[in-house]
Amino acid sequence: MPELPEVETIVSDLKPVLVGRFFVGLTGTHKNSISGAIDNIATIKGGKVVEVKRRGKFINIFFENDYVMTIHLRMSGRILTRDLNEEQLKFERTRIDFNDVSLRFCDVRKFGKVWISKKSEYEKVTGISKLGLEPLNNELTVEKFIKIMNGKKGTVKKWLLDQSLVAGIGNIYADESCFYAGVRPDARMEKLKRKELEKLFKSVMKALKQGIKNRGTSISDFQDAYGQKGRNQELLFVYGRGGQKCLKCSNTLERAVVAGRGTVFCKKCQK
DNA sequence: CCATCATCCTGCCGGC
DNA sequence: TGCCGGCAGGATGATG
């Protein structure tokens, strides 16, 4: 599923493709995917793209004309760049056309969404306003991380996944971060000592940066804007490896449900 | 205040 | 081989 590194990969692909292009139209074969966009389609026609930016797991395409197109891929969404005359793709829910390129929003599970809203209100409309700190633009320091997480009642995994604290971490990177930190995902956050919180912070950063460096984790069919797979799945220690041997100590990895999500960890390496 | 559950949706996997 | 139940899961909202 697309998390921060996957969305970052897509955004870095889209930027050179879209900036300077003009919006032509948006058509949806699945209404729920574009419910937030329909009213404003006409408003941004002819609008020039000035910037493409990620915030948490959201993609934002900024137009010169004071509007923003926002996309959230949720579970199974993909954005693929195609020629305008290319036929409809499998699971294509929405196509977003620019003067000489077409974005195809493909989404098996139909959870993803597209919005078009005014710059002055897009954060409210899309839910971006509820997001917490960005991990990778120096907004999130170790001190801020400790301040945010320290004393939170509940499992470590639950708080790592909470987008209103730190934006962008999902199931894959939460499990990998916990492994790096030597902390069980079902450990209580309020019981972590300062040293452990520091280690957790470094682990989150390491996991996310490594994910970006390797252009995302293609374990559940993630693809970048050109349909290419990432490489980060080759570097996972725990996610998706329940029942297999720990790569560090050869112990059999545990599988459990934590914070309502499938979770894998090593009982020996993580406390 | 907290956790858990249902919802949305459909491909895929295991069991029989 | 084929059918079917159940699972996966980001985010939100309802329920215990």
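Numbered from 1 within each chain, the chains take letters A, B, ... in sequence-line order.
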Student: Rounded to the nearest angstrom, tell me the gap between atom CZ in A:Arg93 and atom P in B:dC8.
Tutor: 16 Å

Student: Using whole Å, report how far CG of A:Leu73 lies from P of B:dC9.
Tutor: 18 Å

Student: Within residues 105-122 of chain A, which residues have any heavy atom lying less than 4.0 Å from an atom of DNA chain C?
Tutor: A:Arg109, A:Phe111

Student: Hey, are A:Thr217 and A:Tyr173 close enough side-chain-wise for a donor-acceptor pair under 3.5 Å?
Tutor: yes

Student: Residues in side-chain hydrogen bond (donor to acceptor under 3.5 Å, both in side chains) with A:Thr70, at least two apart?
Tutor: A:Asn60

Student: Name the nucleic acid region contacted by A:Gly154, choosing base, sugar-phosphate or nothing; use a 4.0 angstrom heavy-atom cut-off, strictly under.
Tutor: sugar-phosphate

Student: Other than A:Phe22, what residues sit in its cluster of Ile, Leu, Val, Met, Phe, Trp and Tyr side chains whose heavy atoms are under 4.5 Å apart, directly or through others?
Tutor: none

Student: Taking only distance into account, with no hydrogens and no angle test, what donor-acceptor pairs under 3.5 Å do side-chain atoms of residues 82-96 of chain A form with protein atoms, sequence neighbours excluded?
Tutor:
{"from": "A:Arg82", "atom 1": "NE", "to": "A:Glu86", "atom 2": "OE2", "distance (Å)": "3.0"}
{"from": "A:Glu92", "atom 1": "OE1", "to": "A:Leu89", "atom 2": "N", "distance (Å)": "2.8"}
{"from": "A:Glu92", "atom 1": "OE1", "to": "A:Arg104", "atom 2": "NH1", "distance (Å)": "3.1"}
{"from": "A:Arg93", "atom 1": "NE", "to": "A:Asp107", "atom 2": "O", "distance (Å)": "2.6"}
{"from": "A:Arg93", "atom 1": "NH2", "to": "A:Asp107", "atom 2": "O", "distance (Å)": "3.0"}
{"from": "A:Arg93", "atom 1": "NH2", "to": "A:Val108", "atom 2": "O", "distance (Å)": "3.0"}
{"from": "A:Arg95", "atom 1": "NE", "to": "A:Asp97", "atom 2": "OD1", "distance (Å)": "3.2"}
{"from": "A:Arg95", "atom 1": "NE", "to": "A:Asp97", "atom 2": "OD2", "distance (Å)": "3.2"}
{"from": "A:Arg95", "atom 1": "NH2", "to": "A:Leu84", "atom 2": "O", "distance (Å)": "2.9"}
{"from": "A:Arg95", "atom 1": "NH2", "to": "A:Asp97", "atom 2": "OD1", "distance (Å)": "3.2"}
{"from": "A:Arg95", "atom 1": "NH2", "to": "A:Asp97", "atom 2": "OD2", "distance (Å)": "3.2"}

Student: Along DNA chain C, 5' to 3', what are the outermost nucleotides having an atom less than 4.0 Å from a heavy atom of chain A?
Tutor: C:dA8 to C:dA11

Student: Output the pairing pattern of DNA chain C as a dot-bracket string, 5' first, Watson-Crick or G-U wobble with both distances under 3.5 Å, | for cross-strand pairs, [ ] for crossing pairs.
Tutor: .|||||||||||||||

Student: Would you mind classifying the nucleic acid contact of A:Gly170 as base, sugar-phosphate or nothing, using non-hydrogen atoms under 4.0 angstrom?
Tutor: nothing

Student: Could you tell me whether A:Lys53 and A:Glu51 have a side-chain N and a carboxylate O separated by less than 4.0 Å?
Tutor: no

Student: Supply the members, apart from A:Leu235, of the Ile/Leu/Val/Met/Phe/Trp/Tyr cluster built from side-chain contacts under 4.5 Å; use none for a lone residue.
Tutor: none

Student: Pairs of donor and acceptor atoms involving the side chains of residues 251-264 of chain A, under 3.5 Å and at least two apart or interchain, shall be tabulated with distances.
Tutor:
{"from": "A:Thr263", "atom 1": "OG1", "to": "A:Lys157", "atom 2": "NZ", "distance (Å)": "2.9"}
{"from": "A:Thr263", "atom 1": "OG1", "to": "A:Arg261", "atom 2": "O", "distance (Å)": "2.9"}

Student: How many Å lie between CZ on A:Arg74 and C1' on B:dC9, as a whole number?
Tutor: 12 Å

Student: Going by the rule side-chain hydrogen bond (donor to acceptor under 3.5 Å, both in side chains), which residues pair with A:Glu198 if we only count those two or more places apart in sequence or in a different chain?
Tutor: A:Arg194

Student: Side-chain N or O of A:Arg188 less than 4.0 angstrom from OP1 or OP2 on B:dC2?
Tutor: no

Student: With ILVMFWY side chains joined below 4.5 Å, transitively, what does A:Phe265's cluster contain besides itself?
Tutor: none

Student: Expressed as a whole number of angstroms, how long is the span from A:Met1:CE to B:dG11:P?
Tutor: 17 Å

Student: Which donor-acceptor pairs under 3.5 Å do side chains of residues 178-186 of chain A form with protein atoms, sequence neighbours excluded?
Tutor:
{"from": "A:Tyr180", "atom 1": "OH", "to": "A:Gln210", "atom 2": "OE1", "distance (Å)": "3.3"}
{"from": "A:Arg184", "atom 1": "NE", "to": "A:Asp186", "atom 2": "OD1", "distance (Å)": "2.9"}
{"from": "A:Arg184", "atom 1": "NH2", "to": "A:Asp186", "atom 2": "OD2", "distance (Å)": "2.9"}

Student: At under 4.0 Å between heavy atoms, what does A:Gln163 touch on the DNA or RNA strands: base, sugar-phosphate, or nothing?
Tutor: sugar-phosphate

Student: Output the rounded distance in Å from CZ (A:Phe91) to C1' (B:dG11).
Tutor: 7 Å

Student: Only pairs at least two apart or in different chains count here, so list each ring pair (Phe, Tyr, Trp, His ring centres under 6.0 Å) that has a residue in residues 120-157 of chain A.
Tutor: A:Phe62-A:Tyr122, A:Phe145-A:Phe201

